[in-house]
Number of protein chains: 2
Amino acid sequence: MDIKNDLSMEQTILEVAEKLFLEKGFTSTSTTEIARVAGCNQALVHYYFRTKDNLFNTIFEKKFRMLFEHLYASQNFGNISFSEKVRHAVESHFDLLTNNPKLPLLVATELSRLPENLKNLRNKLQAVPFELFTRLNNELQQEIDEGRARKIELIDIIITMVTLNAGLFMLLPIANGILQLDEEHTKELLAHRRNENVQVILNYIKP
Amino acid sequence: MDIKNDLSMEQTILEVAEKLFLEKGFTSTSTTEIARVAGCNQALVHYYFRTKDNLFNTIFEKKFRMLFEHLYASQNFGNISFSEKVRHAVESHFDLLTNNPKLPLLVATELSRLPENLKNLRNKLQAVPFELFTRLNNELQQEIDEGRARKIELIDIIITMVTLNAGLFMLLPIANGILQLDEEHTKELLAHRRNENVQVILNYIKP
DNA sequence: GTTATATTTAATAGCTCTATTAATTGGCTA
DNA sequence: TAGCCAATTAATAGAGCTATTAAATATAAC
């Protein structure tokens, strides 16, 4: 049905699998369906990746790593004010999710249901760069000392940002269904909420 | 293994099914396992509920309805200030999720993957009580007019509250895994975030 | 105590899924 | 062209799942 050409079949399988896992989760996606959509025999999926678990973990690890490393990477900016850094972090995180709207739900689902996977992932991730965390913490402390922020913990800012942004994308299909939004209005809603989420965080920090 | 007595077997099956569906989702839960945990023959599950879909929908509809009706019900308070009403709504929503921590993820997962279910649910729900929405909107307008709130839409307050609270519970297992929290520290985190989420919303509204 | 009714079980048909194995095809090289 | 290796397929074992059917057991009614 969905045969792709001019890509190696191994790559095609990976891409099809990623799409299907994101749409339907691990359990509801079968190697049989992956093969059907990729346009190859089902045994080929196992030839390249041996097990369904292997295939899934290959994809999942890459995506999970991306989410995390993005959080660090989005903070490599020098000479702007703290609140501009916060704005940039929120927007950058939001944009990442806009490009990967189904990822938060997949991550939440698969890690809730198989917490032991989280242990493996945790070991494979580079540790949270304490240097970065410390630096941001110092900047925040300075903001507080100079009266530009209320007394607040950095971790709470991060948790608020992540739950707010990821929560929106995880609940978006429901909001769409209830509010009966078409694609155009969904885009508008997202553009609007991007600004609102920035506002929520900035007001949260404001003294 | 988990045989329960002194309840009708039909009720036991319902309770076991609810627990398993919440833990593992629809697809990963089998009627075979439900029967095993309930301590009865697998055919009995189908005797009472005919299909797995039926059983799931019975449970899911009840839970979904609860989530919605709670949102309305938590707003039947007369003589307190608007910001106290907001605080109460956020805390009450948070507490509901504390008692049903796995529900948001189940709802998000199953409705994302089967959007047609959402249509059925939508019809079965009582329509959003416009009277309530209008009344709150009027109160908010008055707050804005009198300078106690900045110019803001009611729907944005609601979206912020729901994504913030539900997002936290959906991501909690991940936070637990990453931060290595035991049960005690998880409780502390939740108690803390309950206050923070109130603060986030109140600051979001503040002029 | 017998009969009707509700509850529960055993057995099984019919699927679909994962994973493996052996055979087939196709391209490249010597 | 023969031979090697990678890519691909056909076939299938073995398992689990849903749903149904018929039989067995318990419960209540008369």
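So you know, we letter chains A, B, ... as the sequences are listed, proteins then strands, and number each from 1. Everything numeric in this text was worked out from a predicted model, so none of it was measured.
Judged by a 6.0 Å distance limit and a 45° cone about the ring axis, A:K102 is not positioned over the six-membered ring of A:F169.
Per the geometry, CZ belonging to A:F49 stands 19 Å off P belonging to C:dC17, to the nearest Å. Between B:I34 atom CD1 and D:dC17 atom P there is a gap of 11 Å when expressed in whole angstrom units. In this entry the distance linking CZ of A:R36 with C1' of C:dT16 reads 13 Å, nearest Å. Per the geometry, NZ belonging to B:K52 stands 11 Å off C1' belonging to D:dG16, to the nearest Å. Atom CG in A:L44 sits about 15 Å away from atom P in C:dA19, given to the nearest Å. At whole-Å resolution of the value, CD in B:E10 and P in D:dA26 are 20 Å apart.
By the 4.5 Å heavy-atom criterion applied to side chains, B:P173 and A:L111 are not counted as neighbours. Counting heavy atoms from C-beta on, the side chains of B:L189 and A:I159 come closer than 4.5 Å.
Candidate nucleotides D:dA19, D:dC17, C:dT7 were compared by shortest atom distance to the side chain of B:Y48, and C:dT7 ranks first.
A:T29 places a side-chain N or O within 3.5 Å of a backbone atom of A:L20 that can act as its donor or acceptor partner. No side-chain donor-acceptor contact under 3.5 Å links A:N54 to the backbone of A:R50. Within the 3.5 Å criterion, the main-chain N or O of A:L168 finds no donor-acceptor partner in the side chain of A:R193.
Note on B:T31: a side-chain N or O is less than 4.0 Å away from OP1 or OP2 of D:dT18. In this model, the phosphate group of C:dT16 is not approached by any side-chain N or O of A:T32 to a distance below 4.0 Å at OP1 or OP2. Residue A:H46 places at least one side-chain N or O closer than 4.0 Å to OP1 or OP2 of C:dA19.
Listed in residue order, the members of residues 53-61 of chain A having a heavy atom less than 4.0 Å from DNA chain D come to none.
Around CD of A:E183, the count of heavy atoms belonging to other residues, nucleotides or ligands within 6.0 Å does not exceed 12. Heavy-atom contacts from other residues, nucleotides or ligands closer than 6.0 Å to CD of A:Q11 number more than 12.
Base contact: A:Y47 has a heavy atom under 4.0 Å from a base atom. Within the nucleic acid shown, B:S30 comes within 4.0 Å of sugar-phosphate atoms alone, with no base atom in reach, counting heavy atoms only.
Residues A:L106 and A:G25 approach most closely at CD1-CA, 3.9 Å, considering heavy atoms.
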Taking only N/O atoms, report every protein-nucleotides 10-15 of chain C pair under 3.5 Å with atom names and distance.
| from | atom 1 | to | atom 2 | distance (Å) |
| --- | --- | --- | --- | --- |
| C:dA10 | OP2 | B:N41 | ND2 | 3.4 |

